[in-house]
Structures are given as C-alpha cells and as structure tokens.
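In what follows, a structure is listed as structure tokens, so that the remarks can point back to it.
Atom set for the values below is all heavy atoms of this structure, side chains included, hydrogens, waters and symmetry mates excluded. Note that the coordinates shown come from a computational prediction; the quantities given were computed from them, not determined experimentally. We count residues from 1, following the sequence as given.
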Amino acid sequence: MGVTYDPTTCNTKLTNKGYTVCQRLHCSSLVETESIHLFCAQKQKTVYTPVSSSQYYSPIRTPHYKWFTTLQEEIAFQNSKEFTNGQWENQQCWCCCACYAYDTPIATPDGTKAVQDFKQGDAVLSGSTQMENKEIKLTWASQEIVFSSGTSPTTKEHNPPMVFINFGDNKSITVSADELFLLPSGKVIQACKLTVNNQLVSGDGKPLQINALKLALYSGGIHHISALKEFNGSINGHLLNSNGVVTGGYFLQIHNDEIDPDFLAPDHDNLPTIGSKEYEAANKDVEVGYHSYHHKQAPKEIALPENLALFSKDHDPIPDDAYSFINVEQEADLFAVPKLMRPFGNHTGVDSIYYLFNIHRGFYPKVNFCLDWENINPNAYAFNAYNEDFVVIPGGLVRINGLNLQGLAVIIAQAIASLYARETEKKPGRTCRAEAAYYGIGVVMRNVWNTTWFEIVNAGIQQIKTLFSHIEVGKSGNPNDCCADPSIQCREESMESALYGFNLPSCAGVNPVQPKLKVTGDEVGQTSDGNPFVTINFSEAVDVSSAENTANYEVEPKAKLTSAKVNKDDQSKVTVTGDFTAKTNYLITVSNVTSADGAELDPENNSASFKTL
C-alpha cells in the first residue's frame, strides 16, 4: 500500500502482554500491505489483536530470522536440509490487526464512503472529544488517510465471529470484537464488551440506544483505515463516524492497551466478553438467543444482513459409545482453569483445524471431519454412524490457549486411530484410549507427515502434556479400566513410546486378558430311576445358553446325550445325562462353552474322564 508503518508501539503493547514480537520487517510487511489480511483470513483466520505468526531463529545464520505467511511454505522449509541440520529453531511470534466489515459507511468532508474504498491520501473526518458539564462535545476535522488495508470481498468462510450492533433508529454496524466505540461518558469500550444497556454516541454527540447486540458468523470482506498513526494515549484524532456512530480508527484499536485510563471505560479489561459464560450470566434478562441480546424497549424483530449467521446451542449429539479424547471429569478440570480457553468469538486456530482436515482427508478419505464450533467441550470424538466414520472437533478444543497446530494434529490422529485400531479385547462400543494414542502417533502421524513427523509429534506431545497438567491426579484414570480410562501417565508413555519406536507399553490399550474357562473336574451319580449322569465342574460360572447345548459335548465311547443343565445354585456346574452304560469309563470333551463373562474355553483344559456308577 506504500505506507511506512512503524510497529514499535505495537511491539510495546505485545511485550507488555508477555508475547514474543515478530521481527520488525515481518510485522511491517504484514501491516502495511494487503498480506496482513491474506494472513488473517487464509492462515490465522482472525482479525483480532494480537495475531499469531511464525518465525525461525538461527544464532549462526545471517540474517538470523526467517518467516512465512502460509503453512505450506513453512512445512516446505521444515523439509529442507537448511532446517533439518539443526541450525534453526521455530518460534511463535505476534503482530497486530483489526478491522470493519465491508460496506461500512465512513463520514468524509463530502459525505460518506464505504470503508473498503478508501485509499492512502483520501480525506476522512477525524474526531476529537471534550466533556462540558458532563456532556460530550465532538469536533470533526478533515484528515488524510495514512493506512487502508483489507481482505478480498469474496472471503466466504472461516472469518472470525463478528459483533453485530443495531442502534438508534434501526441503523446497524458489523465489526470485529476489538473495535472501539465511544460512550456518552467520553470513554471508549471494545465491541465485545458492550451490552444493550450501554449507549453509543452519534456523530453529532447525541446518545444512541443499542437495540440489539449479537455475535455472529460473518462471510465477506473486512477492511480497516486510520487517519493518524501517532499515538500518545489519547483517543482524540483517532475517532471516525461509522454509519452514524462514533468508533475508533485502526491505530487506536491496536493501541487499546495503552489508552489513557481517562479515556477507557472503567475496569475495561475485566468486563465480560460476549460469548463467555460470565457475559451470558450477566445478561440473562435481555438474552433472546444464543449470544444474541435485545434491549427491552427494542423492536422484537431485528433483521440481520445476509452475510451474517447466528450461532445455535444445538449441535449433533455424540453417540454414547464414541471415542473421546478425555472423559467428562477431565473436561470439568479443564473448564475450571482460568483463561485456559479463548473467548467464543476468537477464531484463532480454525485455520489450523481446516488445514489439518484437508491434509488428513488425502490419507483417510472415508472419514468425515467436522468442526462443531458451538460445542464448548475441550474434547475430540470419533465414531461410526450411518455406516460412516466421523471425527468431530468441538470449538472448545480449538479455543484452548497453548494448543496449536501440532497438538491438534496429534489429537486428530488419535481419533482416526481409534477408528482403525487393531482388534483388541475391549469393552463393546469403546476404543482403548492409550492404544489410540500409540497408533495415532506411530501410524497415522507417520502416514500424514512423513519427513516432518518427528518435529510435529514432539511439539504436539509437549502441548498435550501441558494440557494434561491441568487435570487432577485423582481424575487421571481408572486402574481397573485401562482400556476406556487409562491414566494420564499411561497415555503420555504411550505417545512417547510411539515417538521413539518402542513397543506399546504394558499399561496401554487393553485390559488384562480374562482367565480362560477351564474344566476342573467331574462328579458322577444316578438319577432316581437309576440312569447314570456326570456333573462337569468348570473354573467359573458358565454362559447358560452355550453350556446347555448338548452339541457342545462329545463322549467317547459314543453315547447319545439327552440333556445338559446348569446348576441353579452353582452355575459353574453342568449336569449331563444320556444313555450312559453303568460302570464304564468315559472321556467327555467340551467345546464352544463360554463363561458368563464371555471368556473362551481353554483348549488344554476342556475335558474330563469319569467312570459311571
């Protein structure tokens, strides 16, 4: 765009948050060219501040840093000898971006212009405020646009959730969650922290009622502009008249953490964010739908633009016998960790999920991969329904801080492995979790990632181990059910065994093999009418239907069997009658009889010798 953007102030803001800042040229390239939104829309799928990127550092190479704007380029570099020789290390780093939806009208000295139509040097009305007798006074001056950038208008999917606001006399605006709005108090507040009980400010300084506030999925282009790039803590000179309501320009947005407290809504950082449980609880009385709120005096029906779609609490049920990455008690532990999950409206990570889905479809085309964004569970599921295999990733998992592409890849691989794991003696309808962990890494990940397998798996395991560290030890598995509920330690051992080429650990996958059913002895006798019989003793209670089938008994010398009855008081005993000859030696061999728990008959202990009375 020909704009020289100095990211120093953005760097300060990110450093204060504890983020590693991308190198100056990297951020400058992102911010001052259209690539910032190509990056946000196609790689990061987010326009929030801050936005994550990736760079590589080498203390022995010049220049010391490399970075990529697409994952494909990054993986190609990871496959190169330049990376695999160990001279480079990967770092996650951060820059800034934020914006408006396409077609938002912005006031100029000559009327209004759609936000995406502004070019560097165009005139815009830039606003400043002053409080007089507790009333806000606005002044507007013509300023030149110094920054204008955005996405393509054909961006159709994976945009971040946007905040839709209907205000005043049925006007509306759609913005990213961190867009700043002016309040009648002269202070500003982020869109995601507004409620319908707040008032906005019109271009002439009048208070405006918020009729509706909704979090929605947006499909279309996104753009942002700024008339000033200098920032001294004040909002003055950074305000815009956006469809009749006063908002903050781009450079005010990226400096929101540095705004003078005199200009910032009280306790701003601690205000609940739309899409969070805290926000929902605080606004129950005005809730009209999922993340949708109406002022009590607002019209009942408020139309949404065609390019917005509301969220819903309804999502397809997960079958009870589905594989899940963690159990419900472990989910509860993760829910309890403060700030472990990003807000509902933060779409960071969605790009990684869709990229991973596309990669895995090439290797497992019969699996249906689904992202269930509304599902808040920090989990992953795999199951068969309608003779189709499904892997479902809830939005709650994607929104976990610190769980990046590598960790998500490992979790998806384990879900796939649960569908194709070798047959084991496991509970019906369940797949052994630790076994899925082992084969997910040792088979699925190897198939998909090939030469980058070790690096991705190693990083993914570390991310998952960090996630597991939030789970209480007492909820880390059931030693009596190591198939469905192995310990966290066992699952970590299974993953690392696959990583380093070891065998499946003894703790993993299958429960101890049940003892096989054995014939342990016999007793002979005569019926009341003098016919001989034999009672066969088994090592444990038998399955009645198999034990009472006379075809499962063979006698030498031959004798025709007439019945086989399980003892009602002791189901480990079966009495067999037939046309036995008195005082004769017999060998009876049992087959196809199972225990009451399903254990098979031991072929080396399946017969008894007896002599009739």
Side-chain angles (χ1 to χ4, degrees), residues 19-20 22 30 36-48 50-56 67-79 90-95 97 151 155 157-161 217 325 340-364 367 369-382 391-416 440-441 444-445 448-450 452-453 455-464 466-467:
Y19 291 112
T20 298
C22 298
L30 288 173
I36 184 171
H37 278 302
L38 292 174
F39 180 82
C40 292
Q42 296 177 12
K43 179 172 168 52
Q44 293 293 5
K45 308 297 184 296
T46 180
V47 290
Y48 292 97
V51 61
S52 173
S53 185
S54 176
Q55 66 183 14
Y56 292 82
W67 54 83
F68 305 93
T69 57
T70 69
L71 186 60
Q72 293 87 338
E73 291 175 339
E74 193 165 343
I75 291 177
F77 175 68
Q78 291 176 347
N79 286 330
N90 180 251
Q91 294 178 336
Q92 185 180 30
C93 62
W94 302 82
C95 294
C97 72
T151 68
T155 303
E157 59 181 9
H158 316 328
N159 272 332
L217 282 172
F325 179 64
L340 179 63
M341 298 182 194
R342 296 182 290 273
F344 186 90
N346 190 327
H347 244 207
T348 301
V350 171
D351 62 316
S352 297
I353 281 294
Y354 280 104
Y355 177 81
L356 291 171
F357 284 177
N358 289 334
I359 290 292
H360 286 85
R361 285 191 186 102
F363 294 87
Y364 300 94
V367 178
F369 296 93
C370 308
L371 172 62
D372 188 357
W373 185 253
E374 290 93 330
N375 190 331
I376 64 173
N377 294 335
N379 216 329
Y381 307 100
V391 169
V392 176
I393 304 298
L397 183 75
V398 181
R399 294 192 291 273
I400 291 178
N401 284 311
L403 189 61
N404 302 321
L405 181 141
Q406 300 95 330
L408 291 169
V410 170
I411 292 173
I412 289 174
Q414 293 183 27
I416 294 171
I441 287 173
V444 177
M445 292 289 289
V448 174
W449 298 103
N450 197 5
T452 60
W453 170 82
E455 292 81 5
I456 292 176
V457 169
N458 191 36
I461 290 175
Q462 297 309 312
Q463 293 169 24
I464 292 172
T466 299
L467 183 66

Go through the steps for Asp372 and Ile393 under the test side chain to side chain contact (heavy atoms under 4.5 Å, CB included), then give the verdict. CA-CA 6 Å; Asp372 188 357; Ile393 304 298; over 6 Å; no

Which pairs pass side chain to side chain donor-acceptor pair (under 3.5 Å) with one or both residues in residues 399-413, sequence neighbours excluded?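 Passing the test, one end in residues 399-413: Arg342-Asn401, Gln406-Gln463.
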
Considering non-hydrogen atoms only, spot the tightest contact between [X] and [Y] and give its length.
X: His360; Y: Ala409; result: NE2-O, 4.5 Å
X: Pro394; Y: Asn377; result: CB-O, 3.2 Å
X: Tyr355; Y: Leu405; result: CD2-CD1, 4.1 Å
X: Ile464; Y: Gly407; result: CD1-O, 4.0 Å

When you compare the side chain of Val398 with that of Trp373, does any pair of heavy atoms fall below 4.5 Å?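 Yes, side chains in contact.
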
What distance separates [X] [atom1] from [Y] [atom2], expressed to the nearest 0.5 Å?
X: Leu403; Y: Ser352; atom1: CG; atom2: OG; answer: 9.5 Å
X: Leu467; Y: Leu340; atom1: CG; atom2: CG; answer: 6.5 Å
X: Tyr354; Y: Leu371; atom1: OH; atom2: CG; answer: 4.5 Å

Test side chain to side chain contact (heavy atoms under 4.5 Å, CB included) on Ile456 and Val448 and set out the steps. CA-CA 11 Å; Ile456 292 176; Val448 174; over 6 Å; no

All ring-ring contact (aromatic ring centres under 6.0 Å, His included) counterparts of Phe369, not counting sequence neighbours: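 Partners of Phe369 by the ring-ring contact (aromatic ring centres under 6.0 Å, His included) criterion, ordered by chain and then number, come out as Phe357.
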
Among Asn379, Val410, Ile412, side-chain contact (heavy atoms from CB on, under 4.5 Å) partner for Phe325: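 Going through the options one by one, the only one that passes is Asn379.
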
Could you list the residues that satisfy side chain to side chain donor-acceptor pair (under 3.5 Å) with Tyr364, not counting sequence neighbours?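 Once residues adjacent in sequence are excluded, the partners of Tyr364 under the side chain to side chain donor-acceptor pair (under 3.5 Å) criterion are Asn447.
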
Determine, stepwise, if the pair Leu397 / Leu408 fulfils side chain to side chain contact (heavy atoms under 4.5 Å, CB included). CA-CA 8 Å; Leu397 183 75; Leu408 291 169; 4.0 Å; yes

Any chance you could lay out the side chain to side chain contact (heavy atoms under 4.5 Å, CB included) test for Val391 and Tyr381, step after step, and finish with the verdict? CA-CA 6 Å; Val391 169; Tyr381 307 100; over 6 Å; no

